[in-house]
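Encoded as structure tokens, the structure appears first; notes follow it.
This structure is a prediction, so every number in the text was calculated from the model and none was measured.
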Amino acid sequence: MDQNNTPSVEIQETRPTVKKYKKYDIFVLLACLIIALGIWVYVMNTSQDPIEKTITVEVDVSKQISDATGMTIFSNLDDSFEGSEMDYSKLRVELTVMGTKNVLDKYSAADYQVTVDTSEIKRAAVQRLSFLYSMPSPDITFKSITTALPVDLLYIDKPATATLTKVSAELKSPAASGTNITLTPMVPALNISGPEKTINSITGAAIVVDLSGIVTSSIVSSYDIRIYGADGNEIKSSYVNIDPSGVTVDVMLETERRFPITFKQTTAIDEEYTYTAALAGDVSEIVLYGDTALMNFDNFVIDLGDITKLTAGSVKVSDLVIPKGLVLGEGMEDLTISYVVKKDPVGSEISKP
């Protein structure tokens, strides 16, 4: 071959390869376009399907009701209108809505508005709480609303306060037989708060005293307070608050108690004899009645003086010095306490301890 033909041969050999690569590139590009179009169609179709979404919205219940009506929620009530206290100041409301994913993703919980429907709250009553809601877009539809607290039966009324000056005291359980109890409240008045309708019906209160473990007159604190209406019946209400600070009652117990009789000087010794004083009659104890706080001794002591100068004698019970505030038990005034003084030689077996 001559040199002029060589280049032309080489050119003819490479041309089919270039065409082959071009055909392959076009096929790959076309496949990618088809796949991308399929993905786009899938995404567009699925993003247009309606889906559900639950949003948590906080509702300032107490403020909204108070601003609109001047009332507030006091408690959730059971069938007897005696329910436990619940905090309704702010409710977390679960709002379930429907819309396309694209639309729902545009908005946060702050864009959804939920308020209390106060239009039906016109007077103090047990009522059902209902809500009003607003969607951030017409493309979002409401499905349901729920709360974590039961709002079917609520006692709604204006808040009120009062000061009760008619305050008494009463026992939690009957007093023991033979015991006279005087209860004197140490608080001049009680401050109460709660629903206006209930507060206005209260005419008095009683501090309840539990005498369990109390055996003597004393000042007793109590947090158990009963409230009463004009008809004298007790008003049981879990939504009336009573300030119990400083509520005490002076409890005076008056009862009858028996004390054994002893002598101030029971033995005496001189140079020759040992003298021993002892009871000689049937009266061996004295019965006193009165304030238990004054009965802070274990026995009743009689002073016979110098027993070395005595042999026998008696003491009238009515002549005894009784502690102030106590009196002799029934029938004791006519009795006498008899005694003898034994005289034994010093050193005898009798005189030895």
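- To the nearest 0.5 Å, atom CG of residue D334 and atom NZ of residue K316 are 9.5 Å apart.
- V220 has its side chain within reach of S218: a pair of non-hydrogen atoms, C-beta onward, lies under 4.5 Å apart.
- Under the 4.5 Å side-chain criterion, counting only non-hydrogen atoms from C-beta, Y133 is not in contact with V93.
- Inspection of the T308 and D270 side chains reveals no N or O donor paired with an N or O acceptor under 3.5 Å.
- When side chains are defined from C-beta on, T69 does not count as touching I156, because their heavy atoms never get closer than 4.5 Å.
- Inter-residue side-chain proximity for I307 and Y339 is flagged as unmet; no heavy-atom pair is nearer than 4.5 Å.
- Judged purely by distance below 3.5 Å, without hydrogens or angles, the side chains of D210 and S212 pair a donor atom with an acceptor atom.
- In terms of heavy atoms, L129 sits closest to L91 at CD2-CD1, 4.3 Å.
- Closest approach of S284 to L279, counting heavy atoms only: CA-CD1, 3.8 Å.
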Yes or no on side-chain hydrogen bond (donor to acceptor under 3.5 Å, both in side chains) for T292 and E254, after CA distance, side-chain angles and deciding distance? CA-CA 6 Å; T292 56; E254 291 183 318; over 6 Å; no
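- Contact detail for A109 and V57: the closest heavy-atom pair is O-CG2, 4.3 Å.
- Minimum heavy-atom separation, P323 to F300: CD-CE1, 4.2 Å.
- Of the candidates I207, D243, L164, T248, I207 is the only one forming a side chain to side chain contact (heavy atoms under 4.5 Å, CB included) with V187.
- Taking each heavy atom of E120 and Q127 in turn, the nearest pair found is O-OE1, 3.5 Å.
- We find the CZ-CD distance between R226 and E234 to be 5.5 Å, quoted to the nearest 0.5 Å.
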The test is side-chain contact (heavy atoms from CB on, under 4.5 Å); show your working for V59 and Q64 and say whether it passes. CA-CA 9 Å; V59 184; Q64 291 179 17; 3.9 Å; yes
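- Under the 3.5 Å distance criterion, with hydrogens and angles disregarded, no donor-acceptor pair is assigned to the side chains of T100 and N102.
- Annotation for Q265 and A277: closest pair O-CB, 4.0 Å, computed over non-hydrogen atoms.
- D157 CG to I73 CD1: the interatomic distance, rounded to the nearest 0.5 Å, is 12.0 Å.
- You'll find the side chain of M332 stays beyond 4.5 Å of the side chain of Y289, heavy atoms only.
- A side-chain hydrogen bond (donor to acceptor under 3.5 Å, both in side chains) with S217 is found for exactly one of T182, T255, D291, D250, namely D291.
- Here the CE-CD1 distance, from M98 to I140, works out to 12.0 Å after rounding to the nearest 0.5 Å.
- One distance of note links CG of D105 with OH of Y107; it measures 11.5 Å at 0.5 Å rounding.
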